[in-house]
Structure formats: C-alpha cells, structure tokens
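Since the model is a prediction, treat every value here as computed from it, not as a measurement. Letters go in sequence order (proteins before strands), and every chain restarts at 1.
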Amino acid sequence: MQMGDVYESVMELAKRRGFIWPTAECYGSVAGFIDYGPLGAMMKRRIENIWRDFFVIQEGYYEIESPVIGPEQVFIASGHVKGFVDKMFQCPHCREYFRADHAAEGAGIKNAAHMERSELEGALARTPCPACGTILGEVGIFDFNLMFQTGIGPGIQRRGYLRPETAQGMFTNFSRLLRFYRDRLPFGAVQIGKSFRNEISPRQGVIRLREFTQAEAEIFVHPAGKARHPYFYRYAEYRVPLLTIEHQIENMEPEAVAMDEAVKKGLVAHEYVAYYLALTHEILVRVGLSPEKIRFRQHMPDERAHYATDCWDVEFLSERFGWVEVVGIADRTDYDLKAHASESGTSFSVFLPLENPIRVKRRCLVPRMKLLGPLFKGKAKEIAEKIERMEPAEGEITLEIAGERIRIPPELYEIREEEVEVRGQEVIPHVVEPSYGIDRMLYAVLEHSYAEEVVEGETRRVLRLPPWVSPVQVAVLPLMPRDGLDEIAREIHGRLTLKKIVAEYDENGAIGRRYRRQDEIGTPFAITVDYETKDTGTVTLRERDSMKQVRIPLEGLEDLLDLLIKGEKMFSQLRS
RNA sequence: GCAUCGAUGGUCUAGAGGUAUGACGUUGGCCUUCCAAGCCGAUAGCCCGGGUUCGAAUCCCGGUCGAUGCACCA
C-alpha cells in the first residue's frame with residue numbers, strides 16, 4: 001500500500017460508508033465543518049463513552065454541560081477577547097493579508113508585537129509589502145478575533161461569543177462545583193462538547209475544524225498538593241514515550257520513561273501532570289491508536305499559552321500530516337480562577353480548615369462609634385469598615401471615601417490587642433487540564449486502523465477497530481437467504497438487539513461479499529447461519545482480523561458476544 | 001486570503017461546442033452449501049452563478065470545495 005494515499009483512502013471510505021463527510025454538500029460545503037454520518041456518529045459516541053469511563057467513572061470527576069454561547073465577560077476574563085486576536089492588515093497593492101506584527105518584525109522593526117495599533121500602522125507605512133515589495137503606505141490594521149461573535153437577544157444586544165474551549169464552563173461554575181464537592185480539594189469536573197474557532201484558513205480536512213468537539217477535564221488542586229497525586233501508584237511504573245524540551249533541542253527520538261522516574265528526574269513538573277500523561281496514553285491505546293505512533297511532546301517555553309506553566313502535547317503520527325496534536329495537558333495554575341475572581345468580583349477560593357485551629361494574637365483598630373457616628377453621619381459606617389481593615393498604626397489616619405480625603409484623629413478609635421482563632425486559610429486552587437480533541441482522535445483511530453491486504457488476489461480493505469469502538473458490533477448472515485436460514489438469522493439478530501448489541505442483518509449477495517462489506521466498516525464479528533445450524537443448533541462465528549471461524553452453540557450466544565465486544569474474552573480462546 | 005492545478009453517477013474513470021464511456025458499487029431476479037464467482041434487468045452523473053453562442057458539461061469570468069506553495073494555526 002502506498003502510505004501517502006492513506007488519507008485519501010480513509011476519507012473516501014469514510015464518505016462512502018457513512019463515517020464523515022463534508023457539511024451541506026448540496027450547497028458546495030464549507031471549509032472547516034464536517035458532518036458525522038450514521039457510523040461516524042456512533043463511533044464518536046463510543047469514543048466519548050470510553051473517555052467517560054476513564055474520567056467520570058475511574059477518576060470520579062462528574063460531567064457538566066454548559067452553553068456553547070457565553071456572555072462577553074466570560075471571555076474578557078479568560079483573555080480570549082484580547083488575546084485570541086491577530087492584528088492583521090491587507091496590502092493595498094497586491095491584496096495579500098498579513099499579520100501586522102510579523103510583517104513589521106520581518107522588516108526589521110523591533111518590538112512590533114507590543115506596539116499600539118497607530119504606532120504599528122505608522123511603522124508599516126514605510127516598509128515594503130512582504131509579498132509584492134511595494135512600499136505599503138497607508139494600511140488599516142484590524143483585529144481578527146478567532147472567536148465567532150453573536151448577539152444575545154433583540155434590541156440593544158448583549159454581545160456573546162461561541163466558546164473557543166469548553167474549559168471556561170468549568171471555571172465559571174467553580175463555586176457551585178466546590179459546594180457540590182463539599183468544599184474539599186482536589187476535585188474535578190469534565191465536559192464534552194462543541195467548541196468553535198473561526199480559523200482564517202482551515203486546511204487538512206478533519207484536523208483543523210471551525211467547529212469541533214472537545215473533551216476537557218479541569219482538576220482543581222491545592223497549589224502545594226500538586227507534587228502528590230493520591231492515586232499516583234496506579235501509573236508510577238507506566239511507561240510513556242516522552243519528547244522533552246531537551247530531546248527537541250538535541251533533536252533526539254522520544255524515550256519511554258516510567259512516570260515515577262519522569263517526576264523524579266524533573267522531566268515532568270509534578271505527579272499530577274505525570275498521572276494524566278499516563279492516563280491519556282491508556283485512553284488513546286484503548287480507543288485504537290497505534291502505541292508506536294503516539295508521543296508526548298513538551299511545549300518549548302516560548303510555545304506555551306498565556307496561562308500555562310508545564311504543558312505537553314500528545315501527538316499521533318499521521319501518514320499525511322506528520323505529528324498532530326490530539327491532546328494537550330497543561331498546568332494552568334490559578335490563572336483562570338484569579339481572572340474570573342477579578343472580573344466578576346466574586347470569590348474563587350476554597351476555605352481549607354486547619355486540623356487544629358491556631359490562636360494568634362494580633363492588634364487591631366476598633367472605631368469608637370459613639371464619636372464617629374455624630375461626626376460623620378451617613379459616611380460613618382463606611383469609615384468604620386475601612387478602619388477595621390487597616391494595619392494598626394499610631395496617630396492620625398487619612399482615608400479616602402468617594403474621592404474625599406478624611407482625617408481621623410486617634411481619639412476616634414482605639415487599638416485593641418485580641419486573640420483570634422485561625423480556623424483555616426483561603427486558597428485559590430491550581431488547575432490541571434487534560435484537553436482532548438475528539439474529532440482528531442476519531443480520525444487518528446480511522447487512519448491507524450485502516451489496512452489493505454491482498455487475499456487470494458483481491459484487495460481486502462479492513463478497519464481494524466477495537467471491538468468496543470466499532471460502530472456495528474456484529475453482522476448476522478444467513479449463508480443462503482432461504483430454506484429457513486434467513487428466519488433463524490433474523491431471530492438471532494433480534495436476540496442480540498435485546499442485549500443492546502448493535503447488529504446488522506444482511507442476506508444480500510454472496511457470503512464472501514457480505515464479509516467484505518463488514519470488514520470495511522470494521523465490524524469485528526460475524527455470525528453465519530448455515531445448514532448445520534438446523535441440525536446442531538450451532539452457528540459459525542467469524543473474527544474480522546484473522547478471518548477465522550469457530551462453531552459455537554446458539555445457547556448463550558448473546559453473552560459470549562457481549563464478552564467479546566467488551567474485550568473481556570478473546571476470540572483466540574474459543575474452540576469449536 | 002494570494003498563487004498554481006483540479007472538480008464527470010455513491011466510488012474510480014473515458015470523452016467532448018450538439019447533454020456522456022466503461023468499471024466497481026447498490027438494487028430486483030436466477031444461480032450459488034463460507035470469504036468481493038456467474039447470468040439477466042434496474043439505478044443514478046458533467047460543482048454553483050454569470051457571460052459568449054442558435055446551442056455550454058465543454059470556451060471566458062466570478063464563486064465554492066479540494067490538493068500544493070505562501071500566509072495563518074493562543
């Protein structure tokens with residue numbers, strides 16, 4: 001097989017057999033959008049559910065669901081309104097579009113990235129166009145924001161954006177989630193849903209979409225507790241191929257490292273990040289990526305997003321696109337919670353009680369209300385509150401209330417020594433975020449599981465999907481569509497359906513042709529009803545990958561298939 | 001968004017200023033006792049819009065989508 005053509009073959013198969021196809025084809029499609037067909041939607045749901053098995057069931061991080069449209073403030077706080085833009089301009093001569101800061105720096109203008117718009121416009125006016133070489137002259141710089149903007153409600157509309165990541169939903173719900181988890185750290189919440197980025201020029205088919213599905217987990221941890229993950233032992237010896245910053249500088253191959261070693265050697269920032277590296281590896285292999293085509297690449301310092309400290313891209317190797325990011329694992333620190341705290345004016349911290357409350361002596365100022373009251377009337381209360389919050393000091397105090405300077409002579413307050421009990425501390429948690437691109441994952445699974453092989457002179461195309469990922473789980477085929485074989489097959493099909501097994505009945509065409517149809521969509525097993533079935537009450541069970549068959553009794557067929565589909569029993573263990 | 005190239009049934013493809021070839025697929029029937037067999041029949045197509053022309057799927061222009069290069073991808 002010519003490997004360069006794998007993308008074409010996979011996409012052709014995906015379109016023809018109902019996995020993925022371009023959106024609104026009857027109107028000519030739109031770049032950056034795809035539709036999932038019947039098998040694709042089914043497969044995508046299976047992948048999402050496997051992800052849930054890990055994050056919701058194993059980790060115990062409940063799933064939430066928040067709107068895809070968010071009010072402007074959310075994205076002002078997150079930094080996306082300001083930070084998710086590129087300053088761009090169009091050359092008036094050749095009509096090419098450029099990023100303003102890149103063009104300016106290319107022309108030798110220093111510090112262009114931090115210039116104001118007008119300053120940058122002035123600088124660009126004297127430089128030649130990077131494409132056509134003409135001196136640019138007057139160019140209008142405009143902000144291109146990668147977020148889709150919309151209005152909420154009629155009339156004077158409130159501005160809204162389609163979310164560029166699902167993460168903000170977990171952050172804005174922080175205090176409700178905190179209460180849900182009964183005020184304890186660590187806890188986490190996850191979300192699977194659509195996100196939107198108005199890419200300037202999406203290429204690469206399913207790899208860069210304008211609307212895509214993310215599965216994100218936000219795990220809130222005590223800043224001092226990141227070094228120890230409570231269940232780290234699960235993955236301590238789990239080996240993951242790491243491509244560290246050093247590997248990249250030295251141009252080395254990734255290296256399989258056990259997680260405890262990675263933390264000990266300081267390759268990975270702490271146990272929390274390491275834990276999710278390993279967990280991610282397990283998920284990716286489980287959904288059907290080839291282990292030898294996965295690597296974990298650490299972000300170079302200049303590559304990190306505005307919020308992250310240690311950050312890893314999990315990449316898969318595509319025959320067409322090279323190494324492609326499927327998952328990002330970042331320590332976002334307290335960036336997001338602090339940002340929302342300051343934008344919203346509400347608390348985004350956790351009160352953590354001390355096991356043994358401590359008593360501390362402290363001096364504080366106590367306003368003498370008897371004197372303050374008559375003197376300041378309506379302002380007295382506000383003044384008193386300010387005084388209480390001040391560092392104790394001797395002498396006259398100067399305050400500012402509503403722009404007015406007010407002097408408070410010492411006789412209006414007293415300095416008191418008191419012993420208070422400190423019951424705990426307010427902590428803003430740090431956030432560890434594993435973020436998965438579901439669409440890319442699905443494509444990676446398709447590409448890695450696609451195979452062509454020659455069987456008796458004919459090319460057999462087969463998707464070697466794990467049985468728990470295949471959209472159709474079993475094919476039920478009568479050897480001949482008559483002599484009662486079809487009736488038995490239909491009855492078996494019905495029995496499987498009752499067990500919630502996705503089964504397809506097919507009687508059309510030669511048996512070999514029907515096997516091939518199922519191979520192409522990755523159906524892992526086929527039940528064939530033949531003439532022996534009537535005599536012995538047995539059917540044949542064919543495995544997709546080996547094309548081997550065994551005879552098995554009709555009795556208990558559903559349970560056996562259920563085990564095979566879950567991977568709890570292997571086909572190779574079966575005997576006729 | 002720029003440049004170059006491309007777009008013909010579901011898929012692959014031939015051809016071409018007078019509406020189209022073949023194969024595969026799908027499907028109805030016959031046949032067929034386990035891996036795309038055979039026979040007969042059916043099926044559906046020139047990316048969209050405008051122009052030139054008696055007539056455009058074909059020529060021209062614009063758009064859309066795709067490939068490649070540039071640019072973009074916190």
- [ ] Just name whichever nucleotide pairs with rG38(B), Watson-Crick or G-U, keeping both distances under 3.5 Å, else none.
- [x] rC30(B)
TODO: State the pairing partner of rC59(B); accept Watson-Crick or G-U wobble contacts with both distances under 3.5 Å, and report none otherwise.
DONE: rG51(B)
- [ ] Report the distance from atom CD1 of I34(A) to atom P of rG66(B), rounded to the nearest whole Å.
- [x] 12 Å
- [ ] For rA67(B) and rA44(B), measure between their P atoms and round to the nearest Å.
- [x] 31 Å
Open item on the list: From the set rC72(B), rG28(B), rU68(B), return the single nucleotide nearest to any side-chain atom of R320(A).
Closed with: rU68(B)
TODO: Within residues 67-76 of chain A, find the residues that approach RNA chain B with a heavy atom at under 4.0 Å, and present them sorted by residue number.
DONE: none
- [ ] Figure out the CG/P separation between L209(A) and rC72(B), and round it to whole Å.
- [x] 21 Å
Open item on the list: Using the C1' atom as the point on both nucleotides, what is the distance between rU68(B) and rA57(B), in whole Å?
Closed with: 27 Å
Task: Option passing side chain to side chain donor-acceptor pair (under 3.5 Å) with S546(A) (candidates Q549(A), R544(A), E543(A)) - done: E543(A)
Open item on the list: Please report the distance, rounded to the nearest Å, between CZ in R208(A) and P in rG1(B).
Closed with: 14 Å
Task: Separation of the P atoms in rC40(B) and rG15(B), to the nearest angstrom - done: 27 Å
Open item on the list: Rounding to an integer number of angstrom, what distance separates rC59(B) and rG17(B) when you compare their P atoms?
Closed with: 8 Å
Open item on the list: Any side-chain to backbone donor/acceptor pair from T533(A) onto V529(A)? Under 3.5 Å, distance only.
Closed with: no
TODO: Quick one: look up who rA7(B) pairs with, Watson-Crick or G-U, both distances under 3.5 Å, and put none if it's unpaired.
DONE: rU64(B)
Open item on the list: Protein within reach of the bases, or only the backbone? For nucleotides 30-41 of chain B, mark each nucleotide 5' to 3' as B, S or -, using heavy atoms under 4.0 Å.
Closed with: --BBBBBS----
Task: Main-chain N/O of L485(A) paired to D483(A) side chain as donor or acceptor, under 3.5 Å - done: no
Open item on the list: Using heavy-atom distances to pick each residue's nearest nucleotide on RNA chain B, tell me which of Y27(A) and G205(A) is more 5'.
Closed with: Y27(A)
TODO: With C1' as the reference atom in both, quote the distance from rU32(B) to rA23(B) in angstrom, rounded to an integer.
DONE: 24 Å
- [ ] Quickly work out the I207(A) CD1 to rG66(B) C1' distance and round it to whole Å.
- [x] 16 Å
Open item on the list: Looking at rA74(B), which nucleotide sits across from it as a Watson-Crick or G-U wobble partner, both distances under 3.5 angstrom, or is there none?
Closed with: none
Task: Nearest-Å distance once atom P is located in both rC39(B) and rC24(B) - done: 9 Å
- [ ] Looking at every strand, decide which applies to R16(A) at a 4.0 Å heavy-atom threshold: base, sugar-phosphate, or nothing.
- [x] sugar-phosphate
- [ ] Confirm from the modelled atom types if R203(A) and rG69(B) form a donor-acceptor pair under 3.5 Å, side chain to base only.
- [x] yes
Task: Euclidean distance, atom NZ of residue K15(A) to atom C1' of rG9(B) [Å, nearest integer] - done: 15 Å
- [ ] Tell me yes or no: between the side chains of E165(A) and S195(A), is some donor less than 3.5 Å from an acceptor?
- [x] no
Task: N/O donor-acceptor pair under 3.5 Å between R514(A) side chain and D506(A) backbone - done: yes
- [ ] Determine the interatomic distance between C1' on rG51(B) and the same-named atom on rA56(B); round to the nearest Å.
- [x] 11 Å
Task: Short side-chain to backbone donor-acceptor contact, H448(A) and L317(A), under 3.5 Å - done: yes
Task: Integer angstrom distance from the P of rG10(B) to that of rC46(B) - done: 8 Å
Open item on the list: Check whether Y36(A) forms a cation-pi arrangement with K44(A) (NZ or CZ under 6.0 Å from the six-membered ring centre, at most 45° off the ring normal).
Closed with: yes
Task: Short side-chain to backbone donor-acceptor contact, T213(A) and D439(A), under 3.5 Å - done: no
Open item on the list: Could you check whether E25(A) and Y27(A), counting side-chain N and O atoms only, form a donor-acceptor pair closer than 3.5 Å?
Closed with: no
Task: 5′-ward residue of the pair P22(A)/E25(A) relative to RNA chain B - done: E25(A)
TODO: Look at the aromatic rings of F75(A) and H80(A) and report parallel, tilted or perpendicular, splitting at 30° and 60°.
DONE: perpendicular
Task: Non-hydrogen side-chain atoms of Y161(A) and F196(A) separated by less than 4.5 Å - done: no
Open item on the list: It should be established whether N508(A) places a side-chain nitrogen or oxygen under 4.0 Å from OP1 or OP2 of nucleotide rU26(B).
Closed with: no
